[in-house]
There are 2 protein chains.
Amino acid sequence: MSASQLPAKSNAEAAPIAQFQRIKSSRAFDEIAAQIRTELSSGRLTVGNRLPSERALSEQFGVSRNTLREALRSLEHAGLIRLQKGARGGAFISQHSGEAIATGLMDMYHVGTIQPAQLTEARIWLESVVVREACRRATAADIEMLNRNIDEAQEARRRGDFAGRAERHIEFHRMLARLTDNPIMVIVMNGVLDVLTHFVQRIGEYDNSFVLPSRRRFMEYFAAGDAEAAVAEMESCLKRLQRSYMSRIQASEGVSATKAAPRSRRSPPAAQR
Amino acid sequence: MSASQLPAKSNAEAAPIAQFQRIKSSRAFDEIAAQIRTELSSGRLTVGNRLPSERALSEQFGVSRNTLREALRSLEHAGLIRLQKGARGGAFISQHSGEAIATGLMDMYHVGTIQPAQLTEARIWLESVVVREACRRATAADIEMLNRNIDEAQEARRRGDFAGRAERHIEFHRMLARLTDNPIMVIVMNGVLDVLTHFVQRIGEYDNSFVLPSRRRFMEYFAAGDAEAAVAEMESCLKRLQRSYMSRIQASEGVSATKAAPRSRRSPPAAQR
DNA sequence: CTCCCCATTTGGTCCTACCATTCTACATTT
DNA sequence: AAATGTAGAATGGTAGGACCAAATGGGGAG
């Protein structure tokens, strides 16, 4: 096909982007999104590039502006592009913060695909990996940062600020995840912690007086580079937390929709006729 | 926050720190999607329910059908709803297979947020968790299923069917993930394996003759319930695979920009053994 | 030179119309 | 009466035009 066209226009006014093809299948916007994804994975589009305007793109693809916008909506939701209004605005390839993954986990929790017990279970498993690798990489500055977080949590506790204390505790785990220096662990752990935060806020206060002493012991092992001891300390703390959660959820789940059935088959009992 | 670094315009009163909240998107379809999500998390909408038609919904929300469709597009991409044409069609609350998360990981890989080395690294970490838990739960039927998979891979190898063999090998890991019986592990592992499959297809064939013998040893430990030995066997196999991948990627990507150097901590005198 | 206003660009929304698909209900045939 | 075929309605998908609001840059006023 027309491979070596090489326009090489030194214009560069809107976008030095490859020529898009006409779409064909059902759901044109799916194909459009797929084509743009292809451009991305091939490297012809990279972070920071600006796509042509909606009007220009719709003409290139040979579709209406409505259809093109639905394609852009899909890409924007995925975090691949960022839309900006105004004269020099448009669709910019964005850095993909992984927000879509966190949203996906949250959605799965909301529709009941993820049960609270499974959430805390996976969290414990992931955390053990995180702690082990974080311990392997942590610098003195990192350790100081973690200790500072514990101090802040203790201060919040002294003030009776339950929300602030919980926030510090969660932030502690986010820090550890970042220390792995692996975006997959960071993103997944962030998502799991997001859901967990939501979950904790729903069930209200709980007994976590044992967390701070555990943190101190944890940091001892952690600073000494004893990864396995740190993992064990963290795991025992999290398992105790998990028991707190589960006992509370049994108490609070008498009224709210429990979504008990993990698999709800077709339900609509009746329709208007 | 860097609020204290303002260039000191004629603003006499340096802004007292205040926790501002983001303005509500100002985009109608975002609010519509948020409202529907709220209905979902509150339990008023559950899997299998059918939303009103686009025309009816657009009237309820007081927006045009275009705007409503963009909201639905966002929800559909998230996997929360499934659109169906025809009479009695509409938007049905769907089971959320986690496809959005796999897509998100793939996108992150494509834009370079996830590097191949980080992909295989995280995969090894996750796999160790998966193997440990799968070993704890596997039934005789599960073990038979895994053995059958190995047989099929061996058969594919005999035929010289590289693609088929690779597919079986990947499927083996998906099976293990499912055995954890935890949707988070299943979804995340599926996503990571999707990206890995894509990555492997890109670099082409590689030396994996050691995989099948390792699988046999693995199954010995696994069937005996020796989780730690199984984990160690799998880890050593995966690390060897990783070296194969990395050597191949250096060969095929000699010139291509390999992004920025991996952030290396470890400047201060930290814990090192 | 600085500052402010305005034309231009561009995403966000609305409207109307038409098409393709899918199912229901009725009519036709056997 | 049962099986079959067909018309119609409901619904998502697409088209094309129009206008609004925000962001930008340039030109005019001071």
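Proteins come first, then strands; the chains are lettered A, B, ... in the order of their sequence lines, and each starts at number 1.
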Engineer: All N/O contacts under 3.5 Å from nucleotides 17-22 of chain C to the protein, with atom names and distances to one decimal?
Structural biologist:
| unit_1 | atom_1 | unit_2 | atom_2 | d |
| --- | --- | --- | --- | --- |
| C:dT22 | O2 | B:Ala87 | N | 2.9 |

Engineer: Using the C1' atoms of the five pairs at each end, what is the angle between the end axes of the helix from C:dC1-D:dG30 to C:dT30-D:dA1, to 10°?
Structural biologist: 10°
Engineer: Please check: side-chain N/O of A:Thr46 versus main-chain N/O of A:Gly43, any donor-acceptor pairing under 3.5 Å?
Structural biologist: no
Engineer: What residues form a salt bridge (Lys or Arg N to Asp or Glu O under 4.0 Å) with A:Glu54, not counting sequence neighbours?
Structural biologist: A:Arg65, A:Arg69
Engineer: Starting from C1' on C:dC14, measure out to CD on B:Glu59 and report it in whole angstrom.
Structural biologist: 14 Å
Engineer: Let me know the distance between CZ of A:Arg27 and P of D:dT11, rounded to the nearest Å.
Structural biologist: 18 Å
Engineer: Go through the structure and list residues passing side-chain contact (heavy atoms from CB on, under 4.5 Å) with A:Glu152, not counting sequence neighbours.
Structural biologist: A:Arg148, A:Arg168
Engineer: Considering residues at least two apart in sequence or located in another chain, which fulfil the side chain to side chain donor-acceptor pair (under 3.5 Å) criterion with B:Gln84?
Structural biologist: B:Arg82
Engineer: Which pairs pass side chain to side chain donor-acceptor pair (under 3.5 Å) with one or both residues in residues 85-104 of chain A, sequence neighbours excluded?
Structural biologist: A:Gln95-B:Thr113
Engineer: Could you state the atom-to-atom distance from CG of A:Leu51 to C1' of C:dT9 in whole Å?
Structural biologist: 16 Å
Engineer: Expressed as a whole number of angstroms, how long is the span from A:Leu83:CG to C:dT13:C1'?
Structural biologist: 14 Å
Engineer: If you measure from the Lys or Arg side-chain nitrogens to the Asp or Glu carboxylate oxygens, is any gap between B:Asp30 and B:Arg37 under 4.0 Å?
Structural biologist: no
Engineer: List, one per line, each side-chain donor-acceptor pair under 3.5 Å for residues 72-80 of chain B, sequence neighbours excluded.
Structural biologist:
| unit_1 | atom_1 | unit_2 | atom_2 | d |
| --- | --- | --- | --- | --- |
| B:Arg73 | NE | A:Glu70 | OE1 | 2.7 |
| B:Arg73 | NH1 | B:Glu76 | OE1 | 2.8 |
| B:Arg73 | NH2 | A:Glu70 | OE1 | 2.6 |
| B:Ser74 | OG | A:His77 | ND1 | 3.1 |
| B:Glu76 | OE1 | A:Arg27 | NH2 | 3.1 |
| B:Glu76 | OE2 | A:Arg27 | NH1 | 3.2 |
| B:Glu76 | OE2 | A:Arg27 | NH2 | 2.5 |
| B:His77 | ND1 | A:Ser74 | OG | 3.2 |

Engineer: Suppose we screen for salt bridge (Lys or Arg N to Asp or Glu O under 4.0 Å). Which residues come up paired with B:Glu167, at least two apart in sequence or across chains?
Structural biologist: none
Engineer: Can you measure A:Ile32 atom CD1 to D:dA15 atom C1' for me and round it to whole angstrom units?
Structural biologist: 13 Å
Engineer: Would you list the pairs meeting ring-ring contact (aromatic ring centres under 6.0 Å, His included) in which at least one residue belongs to residues 161-195 of chain A, sequence neighbours left out?
Structural biologist: A:Phe162-A:Tyr206, A:Phe172-A:Phe218
Engineer: Among pairs that include at least one residue of residues 176-201 of chain B, which meet ring-ring contact (aromatic ring centres under 6.0 Å, His included), considering only residues two or more places apart or in two chains?
Structural biologist: B:His110-B:His198, B:Phe199-B:Tyr245
Engineer: Expressed in angstrom and rounded to an integer, what is the separation of B:Glu54 atom CD from D:dG12 atom P?
Structural biologist: 4 Å
Engineer: Residues from residues 66-81 of chain B sitting under 4.0 Å of DNA chain D, heavy atoms only?
Structural biologist: B:Asn66, B:Arg69, B:Arg73
Engineer: Quick one: side-chain contact (heavy atoms from CB on, under 4.5 Å) partners of B:Thr38, sequence neighbours excluded?
Structural biologist: none
